[in-house]
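Data block below; observations after.
For this chain, numbers begin at 1 and follow the sequence in order.
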Amino acid sequence: MINNKQLQCRKAVLMLLIFVMIVLGVIATALLGRLLLSTILWFLTGTFDMSWNDVLHGIKLGSVGGSICGAGIILARIFKIKGF
């Protein structure tokens, strides 16, 4: 039988994993979106215009957006809102 402390530990680990996966997913989405737009511009203009600064900017935007989204979902799970 699982005691209350083990159950809380498992829930905390699950919430941490959910948060990390959301942040990584939003970062990947931001980078793929930027890569898609750069590829479309490459086909239209003939020059590929994506620098490392653009990649870092996408990572920063994705991590901030993912953190906000992940924190919202974790809070919804903590407060037991239906659907989460």
Check your understanding: Can you tell me how far CG of L56 sits from OG of S51, rounded to the nearest 0.5 angstrom?
Key -> 8.5 Å
Point to revise | Heavy-atom closest contact (I59 atom, I27 atom, distance) | key: O-CG1, 3.9 Å
Review point. What distance do I74 atom CD1 and K11 atom NZ have between them, rounded to the nearest 0.5 Å?
Key: 12.5 Å
**Study point:** Spacing of CZ belonging to R34 relative to CG belonging to L61, to within rounding of 0.5 Å
**Key:** 11.0 Å
Point to revise | Joint cluster assignment, V26 & V55, ILVMFWY side-chain distance < 4.5 Å | key: yes
Exercise for review: Would you give the length of the straight line joining atom CD1 of I73 to atom CE of M21, rounded to the nearest 0.5 angstrom?
Suggested key: 12.5 Å
Point to revise | Connected via hydrophobic side-chain network under 4.5 Å: I68 and I18 | key: no
Check your understanding: If two hydrophobic side chains count as joined below 4.5 Å and joins carry through other members, does L36 share a cluster with F43?
Key -> no
**Study point:** Distance, nearest 0.5 Å, that separates CD1 of I40 from CG of L35
**Key:** 10.0 Å
Point to revise | Closest approach of S38 to D49 (non-hydrogen atoms, all atoms of both residues) | key: OG-O, 4.1 Å
Review point. What are the two closest heavy atoms between F48 and W42, and how far apart are they?
Key: N-CD1, 3.5 Å
Check your understanding: Are I78 and L16 joined in one hydrophobic group, where the rule is that I, L, V, M, F, W and Y side chains link up if heavy atoms are under 4.5 Å apart?
Key -> no
Review point. Is the closest side-chain heavy-atom distance between M50 and L37 below 4.5 Å?
Key: no
Exercise for review: Taking all heavy atoms of G58 and all of A30, pick out the closest pair and write down the distance.
Suggested key: O-CB, 3.6 Å
